[in-house]
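Below is one structure, written out as structure tokens; comments come after it.
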There are 4 protein chains.
Amino acid sequence: MSLSKLIGARGEAAADDVPAKRERRKEARPKELLDAALDLFVEKGFAATRAEEVAVRAGVSKGTLFLYFPSKEDLFKAVVQENISGRYAEWNQEFVDFEGTSADMVRYCMKVWWDRIGATRASGITKLMISEARNFPELAAFYQQEVINPGKRLIRRILQRGVDSGEFRAGMDLEYAAYAISAPMIFLIMMKHSLAACAPEDYPLDPERYVMQQADVVLHGFCAKPEGTDR
Amino acid sequence: MSLSKLIGARGEAAADDVPAKRERRKEARPKELLDAALDLFVEKGFAATRAEEVAVRAGVSKGTLFLYFPSKEDLFKAVVQENISGRYAEWNQEFVDFEGTSADMVRYCMKVWWDRIGATRASGITKLMISEARNFPELAAFYQQEVINPGKRLIRRILQRGVDSGEFRAGMDLEYAAYAISAPMIFLIMMKHSLAACAPEDYPLDPERYVMQQADVVLHGFCAKPEGTDR
Amino acid sequence: MSLSKLIGARGEAAADDVPAKRERRKEARPKELLDAALDLFVEKGFAATRAEEVAVRAGVSKGTLFLYFPSKEDLFKAVVQENISGRYAEWNQEFVDFEGTSADMVRYCMKVWWDRIGATRASGITKLMISEARNFPELAAFYQQEVINPGKRLIRRILQRGVDSGEFRAGMDLEYAAYAISAPMIFLIMMKHSLAACAPEDYPLDPERYVMQQADVVLHGFCAKPEGTDR
Amino acid sequence: MSLSKLIGARGEAAADDVPAKRERRKEARPKELLDAALDLFVEKGFAATRAEEVAVRAGVSKGTLFLYFPSKEDLFKAVVQENISGRYAEWNQEFVDFEGTSADMVRYCMKVWWDRIGATRASGITKLMISEARNFPELAAFYQQEVINPGKRLIRRILQRGVDSGEFRAGMDLEYAAYAISAPMIFLIMMKHSLAACAPEDYPLDPERYVMQQADVVLHGFCAKPEGTDR
DNA sequence: AATGAATGAGACTTCATTCAT
DNA sequence: CATGAATGAAGTCTCATTCAT
């Protein structure tokens, strides 16, 4: 599938109910509002999204929106929080349980990153956070702590596992290697929600193929073969 | 230098006060306004930047801004042209005249990309365009044509040169390879102007080192050595 | 009544306060706004009337005005429709049903023109359109089509009826005759809203008497008596 | 009372020495500015005419305009004064010297009114004053005294001459008769500068023929024939 | 809880007017 | 005298937010 085909592909919905107070409030809050807001914020940015548009798309009146979210800014924060709340634990576990080479782990990591985030509506959050970070520093800090850093730690663990097993080069700089893995994902996601959305014909790219290819490229550099990729 | 150190590094300050007020200003105004606008657009986004702020930062009144740029949107367009599209011809020429291996060309390309755009305030344009593309389809199209496509063609020519000379693998997919070169640059630039600007301590990255390292990584995949990196 | 007495004569004032606030207002708002707008447009001209003034006079805030009329120009058009073009059908019907001589029809036409437009606030529209036509060509075209031309056609039908019945001279030029009927009305209306409004004492004219007198004068020229008034 | 005193006191102090000082200043003032302003004010009205447009059309810079006229409002007043300044004395004399019937006098009066005012740029002043009277009451009063009233007196004298000679009916109401003469002129002038200027094809009227025809019509009513025109 | 009419601060933009050159 | 760059008050219109129903 090409990147241009992916654009506008709406994804799944999360259907987990049951306990916890936070959970309950989240349930009670019209999920439709957060859904509508996510779409619009991603598409038009925070400032250009009008509160009424969100309400209308969610099928309620303007007043109702403010019944649930005291302000547009609060709505924005809720959208981000709602959508980044952890499926991390679950995903993380997969890697704890993972059996196979560390190279496969890296490939798997990139693949699921794309499948579960990049290819779904969740990628909108990534785009949103990066686009609006300077306007919402507080939220950016939260995102950094709750999303970026855990993700980074996961990647580090994978890389460390490769180094420990002798599969990856001993001297490799884990910090830099982590970025090598992230960059293609972030790049793809940002493009999907910006320029590629405006001119799909200029981005005849199959993201999955690109991701797998990039996985191979970076692994090339990681592997404990003769010549180093690093200078 | 680390990415975090780069953040917020402005250029020089206006040190010359050799007046001759009026006439000199008339010449300098547009540049002063574009400078101020670039800073503010990058920092706060297009919508959140008020026209008066731009004027005040440029040291003039609200009205004066509209004397030079008929609307805020026109100001935005002028900022893009001033900082990026206006310089391509010159940059392009360097590669026509380039003598050396194609690998060196790729390295040089990535290096100057970072030096001239990534490390300067011009990178703000990249961030801005990607963040606001959906809001300004017309501008996005303009940017795609004037900036992205010429850049992409330049990279293609470099890659083709390598293939033609036998330096790069014959079967490599130029489209994908071009993205492999772009992704680290775009990634770095987006981070610099978003999350890394909010939490510099979380991004202890030396961008130049990262860029050069990525250059080596991608070149690994391009070079006509034994095993292919590509699938 | 003298022309000077007519000036500034407003209609009634809102005397009923049988509230049920909200829902009743919603219905009444547009009319209230159009009323206020008519007064102000006539008094100060289109350009010199501020939107907020209209709102305040209608007892609402600035924003509310734009809730009902998307722009000041749309407000103007609505005023024209409300006060003139919207009523033509009804007025026209009276002449279809008219029984009596054609001379009486002419007299009746001029009388109701004065009673329903000239003597009311609607005359302000006539004045306004003539004063501002060049500034709003689109609106002028609208007015020409919706008001002037139907009116002219009505007058023509009346005159033709007189000619057909032998009551009016066979060779009379209907185009010119129509202007002979219009001129006194337009003149009176323009004066009422301009110079006569500034110096009422200089216009000790009873408009109704003047109108009826003019009716007789023009009818004199129309009638199929011996000597022709026309050259 | 002098012209300049009536109109809101322009610049000069009471130190008017030498003769012809006023004249000299009027001469010195770029006639081009007043000409340009007249055209634009007539065409677009006072509010919609921008000071810079006037300057540009007069071939000078914006600053120069304000060198001669302290404000746009003063410019307006000067335009009106410049163009209504009396050729009245001269015209009036023609009627003192007139030899012929009073009916011919009326015809001549209407003809020269059209030839010298209606058909020339001077008609713009009439249009302007009527359009803007409410916005410039002081100027309107001046115009009323200096233009309208003398004109009305002239017409009265003509009519009185006719009555005295037995040519016109003895009991006719001079006030009303004067309006009967004015109305077609004012009507024609207003139309020329408003709706007819926007849709000339809707006004296929030969003004001179219309004027002469109207002269005949009103004279019919004035003449001392049997039946009265008045009811 | 839900509505949507109403608000008013604030944004962009215009343009009469000033004043250094 | 003349210029035109600069100003800033004022106007139109938007939209987040409130609150009576």
Atom pair NZ (C:K31) and OH (C:Y68), whose distance is rounded to the nearest 0.5 Å: 15.0 Å
Residues which pass salt bridge (charged side-chain N to carboxylate O under 4.0 Å, His left out) with B:K77, listed by chain and number, not counting sequence neighbours: B:E138
Nucleic acid contacts of residues 45-54 of chain B, taken as heavy-atom distances under 4.0 Å to DNA chain E: B:T49, B:R50, B:A51
Those residues that, when tested against D:R57, pass salt bridge (charged side-chain N to carboxylate O under 4.0 Å, His left out) (two or more places apart): D:D39
Atom-pair distance (CZ on B:R29; C1' on F:dG4), nearest Å: 13 Å
Results of salt bridge (charged side-chain N to carboxylate O under 4.0 Å, His left out) for B:K72 - residues two or more places apart only: none
Pairing residues for D:T49 by the side-chain hydrogen bond (donor to acceptor under 3.5 Å, both in side chains) criterion, not counting sequence neighbours: none
Rounded interatomic separation in angstrom, taking CZ from B:F76 and P from E:dA11: 19 Å
Gap between atoms NZ and P, on D:K44 and E:dA16 respectively (whole Å): 11 Å
Dot-bracket line, read 5' to 3' along DNA chain E, where crossing pairs take [ ] and | marks a partner on another strand, Watson-Crick or G-U under 3.5 Å: .||||||||||||||||||||
Listed partners of B:E52 passing salt bridge (charged side-chain N to carboxylate O under 4.0 Å, His left out), at least two apart: none
Whole-Å distance separating the NZ atom of A:K72 from the P atom of F:dT18: 14 Å
Nucleic acid contacts - residues 58-66 of chain D versus DNA chain F, non-hydrogen atoms under 4.0 Å: D:V60, D:S61, D:K62, D:G63, D:T64
Given F:dT7, E:dT13, F:dC1, the nucleotide with the shortest approach to the side chain of B:L67: F:dT7
Counterpart residues, ring-ring contact (aromatic ring centres under 6.0 Å, His included), relative to A:Y143 (two or more places apart): none
E:dA6 OP1/OP2 closer than 4.0 Å to side-chain N/O of C:Y68: yes
Test item: D:N83 side-chain N/O and D:V79 main-chain N/O as donor-acceptor pair under 3.5 Å: yes
Any residue meeting ring-ring contact (aromatic ring centres under 6.0 Å, His included) with A:F76, in chain and number order, not counting sequence neighbours: A:F41, A:F46, A:F136
By ring-ring contact (aromatic ring centres under 6.0 Å, His included) - contacts of B:F69 (at least two apart): none
Atom-pair distance (CG on B:D74; P on E:dT14), nearest Å: 11 Å
side-chain hydrogen bond (donor to acceptor under 3.5 Å, both in side chains) partners of C:N135, counting only residues at least two apart: none
